[in-house]
Amino acid sequence: MRETIPMKSHTHPRIASPGACKDASAMLEVRRLSKDFGGLHALRAVDLDVYPGEIVGIIGPNGSGKTTLFNVLSGIHQATAGTIRFAEYADIARLQPYRITRCGIARTFQNQRLFNQMTVLENVLAGMVPRTFAGLVPIMLGLPGARRERVAAEQRAMELLGLFGTRLAPRRERRALSLSYANRRRLEIARALATEPRLLLLDEPAAGMDPSETRELMGDVQRIRDLNVTIMVIEHDMHLVKGLCSRVIAFDHGEKLTEGSFDEVRNHPTVIEAYLGHRAAATV
Ligand SMILES: Nc1ncnc2c1ncn2[C@@H]1O[C@H](COP(=O)(O)OP(=O)(O)O)[C@@H](O)[C@H]1O
Ligand SMILES: [Mg+2]
């Protein structure tokens, strides 16, 4: 079947300055996006924009629709209504996940989904499959024609592992299963980057990390953004959100409550109410 989505160009300009780049046109325009599960409205007519070079924080109580937003953005769930313009693609709201990957969006999951029995290197190579010509099996088997591609792919995989200093690269031949928890989370990000995304969606990347691991993660995410990858990050760790995000969007009950700087959002009455309300409900 003919691929109707043009492949993305890799020549988008590098954004040097940190933070929002609102002079540029939005990279992502979500309009009236809704997702229902039966009678449950997980997303309700959400409008949001993301600009190139931003690190946008997505916050909100559990069950407020944050992961559902990522699931729709990455094609895992089909939107019930609404549109998603991404870069030159007019509407990706109902595309299959592999096609969205080709458009340049990658994500990590709240719960890890690594290939446990495969090595660290193989996990990253597997992430490259949507971008390789030969496909995974010929590359893994080293079939003629796929060999040259394997060498180039391994080189790129090692570059991506190298983004995490000495955490992953020296462990390239270790099984994913044998890694520490924090290294497994890092590997998930490396694997997502293997698809060469322009937009990376991180779902609670600091969950389960201690404060020093979280600090290191913040440096890693900043480094990734400096490589010209725009980032949306769902996170409950407010220290991370404050330190990392140029803009924050708050959700509750599937709706966008407000957006702005960390301080603006944190002090917004509806956000305080949403968190206090949930906390009060949890203590009842
Ligand atoms: N696959 C699904 N089937 C049915 N309900 C779902 C599904 N995924 C999420 N939900 C519901 O949608 C709401 C939002 O969930 P979610 O997006 O995971 O919230 P968050 O990530 O903000 O904690 C919740 O009420 C959740 O139970
Ligand atoms: Mg979630």
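Just so you know, ligand 1 is whichever comes first in the structure, and atom 1 is the first atom listed for that ligand. Computation of the quantities below employed the complete heavy-atom set of this structure, encompassing side-chain atoms and omitting hydrogens, waters and symmetry-equivalent molecules.
Scanning all protein heavy atoms for the shortest distance to atom 15 (O) of ligand 1 gives T68 OG1, 3.8 Å. Distance from atom 25 (O) of ligand 1 to its nearest protein heavy atom, with residue and atom name: L40 CD1, 3.7 Å. Residue, atom and distance of the protein heavy atom nearest to atom 14 (C) of ligand 1 are G63 O, 3.4 Å. In this structure, atom 22 (O) of ligand 1 lies nearest to the protein heavy atom K66 NZ, 2.7 Å.
With 2.8 Å as the limit, N62 does not count as an N, O or S neighbour of the Mg ion (ligand 2). Among the atoms of Q110, an N, O or S atom is found under 2.8 Å from the Mg ion (ligand 2).
Shown here, atom 2 (C) of ligand 1 is in close reach of the protein: a heavy atom of it lies under 4.0 Å off.
Residue-environment remark: CZ (R32) stays at or below the threshold of 12 foreign heavy atoms within 6.0 Å. Shown here is R266, whose CZ atom has more than 12 heavy atoms of other residues, nucleotides or ligands within 6.0 Å.
Distances between N or O atoms of Q110 and those of ligand 1 include no value under 3.5 Å. Polar contact with ligand 1: absent for F37 (N/O pair, distance under 3.5 Å).
A salt bridge does not link R172 with E159: every distance from a Lys NZ or Arg NE/NH1/NH2 to an Asp or Glu carboxylate oxygen is 4.0 Å or more.
Judged by distance alone, with hydrogens and angles left aside, the side-chain atoms of R85 form a donor-acceptor pair with the main-chain N or O of A87 at under 3.5 Å. In this structure, the side chain of E54 does not engage the main chain of V56 through any donor-acceptor pair within 3.5 Å.
A side-chain donor-acceptor contact under 3.5 Å links Y181 and R185.
Proximity of G60 to ligand 1 is not established, as no heavy-atom distance is less than 4.0 Å.
We find the CZ-CG distance between R215 and D220 to be 13.0 Å, quoted to the nearest 0.5 Å. Distance check: H41 NE2 to T68 OG1 gives 13.5 Å after rounding to the nearest 0.5 Å.
The residue among P61, G38, G65 with a heavy atom at the shortest distance from atom 19 (O) of ligand 1 is G65.
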